[in-house]
Amino acid sequence: MLIEQIYMFHRIASEKSISRAALASHISQPALSQQMHRLEEELGVTLFERSNRGITLTDAGEVMEKYSRQFIETYHNLKEELENLQSYSGTFRVAATYVACNYALPCCLYKMNRKFPNYSINLSSASSREVIRRVQQGQADLGFVVGEAQEENLDCNLVFSDRICLVASKDYHIADSILLEELKRVPLLMLNEQFSSYRLLHQYLARKGYPVERLKVLFHLDSTESVKSTVMAGHGLAFLPYMTVKKEAYQQLVKIVHVEDFDLTYDVYSISRLREARENPKLYEIARYFKSIVSKSIC
């Protein structure tokens with residue numbers, strides 16, 4: 001199995017089209033189809049169901065897609081470390097949930113670079129479950145997840161807390177404070193279930209007697225920025241972590257709507273392998289410093 005075949009499979013799975021993947025990769029469609037046929041023959045399974053409307057992944061294709069993502073990430077990490085041998089002492093990898101990665105941690109990297117100039121700091125986002133997997137398997141040296149990790153082989157420490165708030169555009173016609181009961185009449189935009197904040201909100205509202213399924217949810221989106229843009233366009237309201245909208249609230253591009261009897265906070269924990277101190281004291285030192293500056297360096 002060639003590295004190129006795995007890359008091309010992943011591109012086809014992402015594009016859901018062999019022709020578009022071929023065009024993006026600057027190769028002919030017949031040549032790409034032939035590569036995929038060879039890959040299927042080697043694995044002994046059918047990866048795609050082909051039709052005039054494009055391709056869909058078979059069950060075997062879904063499994064292959066999951067492992068192709070992991071393989072590509074591992075291969076990138078390998079190449080990065082080999083390249084860093086020329087000028088760096090090494091690479092320190094941090095994996096964090098989407099919100100923490102994009103809104104809380106980037107400002108820490110400047111301090112990290114000044115403190116450890118010979119190390120390349122790599123920050124990437126994933127779900128809490130995936131972050132835990134990467135740390136356990138040594139693909140990340142430090143992780144940040146929502147909620148306390150229960151795995152026995154991980155060192156878990158509270159680093160900061162945030163709250164979920166209801167956000168509207170500055171011109172949206174709604175009172176500054178509403179009752180929880182009034183949520184039933186409010187058009188809502190939601191993140192999808194891969195986000196910890198959505199799962200926490202779903203559970204919280206269910207306990208309060210207002211399950212999400214009974215609310216007026218217009219649609220679910222797969223990024224915080226797309227939800228914010230839609231809210232600012234005046235198309236609905238959204239529950240979002242405060243740290244993702246505090247800049248827009250300060251600039252008065254959005255407003256925070258108080259919901260009576262609604263108080264949802266969440267905790268973000270750092271995770272690292274317990275044996276790291278023995279196996280690699282330098283990486284342990286970097287992780288300890290990173291954890292110590294997070295709460296004072298949130299963007």
Side-chain angles (χ1 to χ4, degrees), residues 70 73-74 76-78 80-81 84 87-165 194-200 224 240-247 264-299:
Q70 296 177 16
E73 179 189 350
T74 301
H76 281 163
N77 291 344
L78 167 64
E80 183 179 53
E81 288 203 24
N84 286 342
S87 56
Y88 291 101
S89 297
T91 299
F92 184 81
R93 294 190 182 84
V94 183
T97 58
Y98 302 102
V99 170
C101 177
N102 293 306
Y103 299 95
L105 301 179
C107 291
C108 297
L109 301 187
Y110 176 74
K111 291 184 178 179
M112 292 293 295
N113 183 257
R114 289 177 63 90
K115 179 74 172 178
F116 304 100
N118 293 327
Y119 274 79
S120 173
I121 312 297
N122 182 305
L123 174 63
S124 61
S125 63
S127 66
S128 289
R129 184 180 302 171
E130 173 65 9
V131 169
I132 290 172
R133 185 194 68 79
R134 291 184 190 181
V135 172
Q136 286 183 313
Q137 296 188 5
Q139 295 176 343
D141 303 299
L142 180 64
F144 292 89
V145 297
V146 173
E148 190 171 5
Q150 302 299 319
E151 287 72 10
E152 293 182 356
N153 62 337
L154 295 179
D155 180 34
C156 187
N157 297 279
L158 176 66
V159 286
F160 68 88
S161 301
D162 192 26
R163 62 188 174 94
I164 306 293
C165 55
Q194 71 177 322
F195 287 86
S196 300
S197 56
Y198 171 77
R199 296 195 295 272
L200 291 171
T224 304
L240 289 171
Y242 176 70
M243 71 168 53
T244 69
V245 295
K246 65 179 182 179
K247 180 179 73 173
L264 176 55
T265 60
Y266 65 95
D267 298 324
V268 175
Y269 287 79
S270 67
I271 57 171
S272 56
R273 294 182 299 281
L274 284 171
R275 63 178 184 270
E276 195 67 78
R278 296 194 309 271
E279 293 182 351
N280 197 322
K282 188 62 179 181
L283 293 184
Y284 176 76
E285 177 190 352
I286 297 173
R288 186 173 59 180
Y289 178 75
F290 199 120
K291 289 184 285 187
S292 73
I293 65 172
V294 169
S295 63
K296 297 172 284 188
S297 306
I298 292 176
C299 295

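These numbers were taken from a predicted model, which means no experiment stands behind them.
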Nearest atoms (heavy-atom pairs only) where [X] meets [Y]:
{"X": "Thr97", "Y": "Val146", "value": "CG2-N, 3.9 Å"}
{"X": "Cys165", "Y": "Val245", "value": "SG-CG2, 4.1 Å"}
{"X": "Ser161", "Y": "Leu158", "value": "OG-CD1, 4.3 Å"}
{"X": "Ala126", "Y": "Val131", "value": "O-CG2, 3.9 Å"}
{"X": "Thr244", "Y": "Val99", "value": "CG2-CG1, 3.7 Å"}
{"X": "Ala96", "Y": "Leu105", "value": "CB-CD1, 3.6 Å"}

Is there a side-chain contact between [X] and [Y], using heavy atoms and a 4.5 Å cut-off?
{"X": "Tyr266", "Y": "Leu264", "answer": "no"}
{"X": "Tyr103", "Y": "Lys246", "answer": "no"}
{"X": "Lys111", "Y": "Lys115", "answer": "no"}
{"X": "Tyr269", "Y": "Asp155", "answer": "no"}
{"X": "Leu123", "Y": "Met112", "answer": "no"}
{"X": "Leu200", "Y": "Ile164", "answer": "no"}
{"X": "Leu283", "Y": "Tyr119", "answer": "yes"}

Would you compute the distance between atom [atom1] of [X] and atom [atom2] of [Y] and round it to the nearest 0.5 angstrom?
{"X": "Lys296", "Y": "Cys108", "atom1": "NZ", "atom2": "SG", "answer": "10.5 Å"}
{"X": "Gln150", "Y": "Ile132", "atom1": "CD", "atom2": "CD1", "answer": "9.0 Å"}
{"X": "Ile121", "Y": "Leu142", "atom1": "CD1", "atom2": "CG", "answer": "10.0 Å"}
{"X": "Gln136", "Y": "Glu151", "atom1": "CD", "atom2": "CD", "answer": "5.0 Å"}
{"X": "Glu130", "Y": "Ser125", "atom1": "CD", "atom2": "OG", "answer": "10.5 Å"}

Determine whether the aromatic ring centres of residues Phe144 and Phe160 are separated by less than 6.0 angstrom.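 Distance test on ring centres: not under 6.0 Å, no.
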Looking at Tyr110, I want to see if its OH is surrounded by more than 12 non-hydrogen atoms of other residues, nucleotides or ligands under 6.0 Å.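 Count not over threshold, so no.
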Tell me if a side-chain donor or acceptor on [X] pairs with a main-chain N or O of [Y] at a distance below 3.5 Å.
{"X": "Asp141", "Y": "Arg93", "result": "yes"}
{"X": "Arg273", "Y": "Val135", "result": "yes"}
{"X": "Asp162", "Y": "Pro241", "result": "no"}

Cys156 pairs by side-chain contact (heavy atoms from CB on, under 4.5 Å) with which of Leu274, Val145, Ile271?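 The passing option is Ile271.
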Regarding Glu285 and Arg288, does a basic nitrogen lie under 4.0 Å from an acidic carboxylate oxygen?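 Arg288 and Glu285: not salt-bridged.
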Matching residue for Phe116 among Phe92, Tyr289, Phe290 - test: ring pair (Phe, Tyr, Trp, His ring centres under 6.0 Å):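 When ring pair (Phe, Tyr, Trp, His ring centres under 6.0 Å) is applied between Phe116 and each of Phe92, Tyr289, Phe290, only Tyr289 qualifies.
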Please list, chain by chain and in numerical order, all residues satisfying side-chain contact (heavy atoms from CB on, under 4.5 Å) with Ser124, sequence neighbours excluded.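 Testing Ser124 for side-chain contact (heavy atoms from CB on, under 4.5 Å), a comparison that skips the adjacent residues, returns Ala95, Asn122, Arg134.
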Can you name the side chain to side chain donor-acceptor pair (under 3.5 Å) partners of Gln194, sequence neighbours left out?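 Side chain to side chain donor-acceptor pair (under 3.5 Å) list for Gln194, sorted by chain: Tyr98, Asn192.
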